[in-house]
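A quick write-up on the structure given underneath.
Please read all numbers here as calculations on a predicted model, not as lab measurements. Naming convention: chains lettered A, B, ... in sequence-line order (proteins, then strands); numbering from 1 in each chain.
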2 protein chains.
Amino acid sequence: MSQPHNHKQHGQVHGHAHGTIEEALENLKASGLKTTRTRKALLTILVREHGPFTIEELQQRLEAGGSTCDIVTIYRNMTNFVDAGMVRSCDFGDGSARFEWALGEHAHHHHIICQQCRKIEELELCVVEELEQLVSKRGYSQVSHRLEFYGICTACQLQANKTR
Amino acid sequence: MSQPHNHKQHGQVHGHAHGTIEEALENLKASGLKTTRTRKALLTILVREHGPFTIEELQQRLEAGGSTCDIVTIYRNMTNFVDAGMVRSCDFGDGSARFEWALGEHAHHHHIICQQCRKIEELELCVVEELEQLVSKRGYSQVSHRLEFYGICTACQLQANKTR
DNA sequence: TTCAGTGCAAACAGTTTGCACCGAG
DNA sequence: CTCGGTGCAAACTGTTTGCACTGAA
């Protein structure tokens, strides 16, 4: 598995994109990516349902819509979309990456994941204890959460300055 | 990769264990696990340095201490220790599980992970925004965090009740 | 002595890479 | 027409499983 947080700095949204497929396609072009049938289909799914979806779920949805697409192509396109800042990758610790539409109202948010059925809900708020209560109030039991911080430490910052 | 959060309910600490190897070994026995040389060595490392360590890091440390141990055995023992509630598994999204000693002062906490050198620091507090500031004040740049919630949704709770 | 613990080989799952062909611009 | 996009096969990484041997109790 790659390091999902390394893409962050690449994210570059061209124009102010909302939730329509047309805007997604503009974004594609602006990022120097060609408009293929596969990409159109993938973006349509992501814009409409915004995910997060695993690669397999995306493939199933493609097939349900009549398209076929090699799983490798989906991987490659998700990487493209993430680099283009249109899509965000999530890792819920169950071994597969998930991808969700990152533009419009879907900026920064968190998720509630059912440990049993893996259902995923979105959360807008962001203060931990309040939130665990909120999650309980939504009817979840055995609520727990995962929180980790990421950043560049001072040592690495210094090293980066030297290299420049 | 397994689902690290499924172990939570198994966690059962026997007696009030602190940070000594003797107590770790007591815990082993209380969990019905035999006291082998390998386990003794692994627990010594975890109690002394508390991690979080990847499986490979554990193997290296074992070798540095003169022991040898198949990587499969380390996997199996980490599962045992997690089930016994002595060790907690962490997933920082870089593709390998990490394990840290979970008893004594090392109860619930979070981490700051350097995106570049992968250095890991511990954090005790647990309110998100305050914390991102705190992390910045520690000298980290490009601070971000990962926060996800886990629980059993109402549907699954109902289903579980039926099955019983 | 007995069964849990271990090592080795092989299987597995998710993901990535190499290469030849295809199709958008 | 050209070069980026795609499919297929194969490699790779982290992890798990099967099985026979070994050693703790």
Side-chain angles (χ1 to χ4, degrees), chain A residues 1-7 24-43 52-60 62-63 67-84 86-87 89-99 118, chain B residues 1-7 24-43 52-60 62-63 67-84 86-87 89-99 118:
Chain A
M1 198 186 296
S2 71
Q3 301 174 8
H5 290 269
N6 283 353
H7 295 302
L25 294 177
E26 267 176 49
N27 241 288
L28 250 196
K29 200 177 292 180
S31 306
L33 300 167
K34 288 185 180 170
T35 313
T36 66
R37 194 177 311 157
T38 306
R39 284 181 180 158
K40 219 178 277 186
L42 282 169
L43 289 172
F53 296 128
T54 61
I55 295 285
E56 285 211 333
E57 285 166 352
L58 286 167
Q59 193 176 38
Q60 286 160 10
L62 279 182
E63 279 166 10
S67 324
T68 31
C69 178
D70 193 284
I71 208 163
V72 174
T73 301
I74 307 184
Y75 274 107
R76 288 196 261 230
N77 278 322
M78 287 306 119
T79 308
N80 293 148
F81 297 167
V82 170
D83 288 351
M86 291 190 268
V87 163
S89 85
C90 315
D91 173 357
F92 298 152
D94 64 349
S96 0
R98 280 178 176 74
F99 301 88
R118 294 271 135 194
Chain B
M1 196 186 295
S2 71
Q3 301 175 8
H5 289 268
N6 282 353
H7 295 302
L25 294 177
E26 267 175 48
N27 241 287
L28 250 195
K29 199 177 293 180
S31 305
L33 299 167
K34 289 185 180 170
T35 313
T36 66
R37 194 178 310 157
T38 305
R39 284 181 179 157
K40 220 179 275 185
L42 281 169
L43 288 172
F53 297 128
T54 61
I55 295 285
E56 285 211 333
E57 285 165 353
L58 286 166
Q59 193 175 38
Q60 286 161 11
L62 278 182
E63 278 166 9
S67 325
T68 32
C69 177
D70 194 283
I71 208 163
V72 174
T73 300
I74 307 184
Y75 274 108
R76 288 197 262 230
N77 277 322
M78 287 307 119
T79 307
N80 293 149
F81 297 166
V82 170
D83 287 351
M86 292 190 267
V87 163
S89 85
C90 316
D91 173 357
F92 298 152
D94 63 350
S96 359
R98 281 177 176 74
F99 301 88
R118 294 271 135 195

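Looking at heavy-atom distances under 4.0 Å, B/Ile71 makes no contact with the nucleic acid at all. Among the atoms of the strands shown, base atoms are found under 4.0 Å from some heavy atom of B/Arg76.
Here C/dG5 is the nucleotide among C/dG5, C/dG14, C/dG25 with the atom lying nearest to any side-chain atom of B/Leu33. Comparing D/dT15, D/dC8, D/dG5 against the side chain of A/Arg39 picks out D/dG5 as the nearest.
What separates CD1 of B/Ile55 from C1' of D/dT16 is a distance of 12 Å, to the nearest Å. Rounded to whole Å, atom P of D/dG5 lies 12 Å from atom CG of A/Asp83. For the pair A/Met78 CE and C/dT16 P, the computed distance is 13 Å after rounding to whole Å. The distance between atom OH of B/Tyr75 and atom P of D/dT13, rounded to the nearest whole Å, is 12 Å.
Side chains of B/Arg39 and B/Lys34 form a contact here, defined as non-hydrogen atoms less than 4.5 Å apart. Contact annotation: the side chain of A/Thr54 never approaches that of A/Phe99 to less than 4.5 Å [non-hydrogen atoms, C-beta and beyond].
Phosphate proximity of C/dG5 to B/Thr36: absent, as no side-chain N or O sits under 4.0 Å from OP1 or OP2. Between A/Thr35 and C/dA24 there is no side-chain N or O to OP1 or OP2 distance below 4.0 Å.
Where A/Lys34 and A/Glu56 each meet DNA chain C at their nearest nucleotide, the meeting point lying more 5' is that of A/Glu56.
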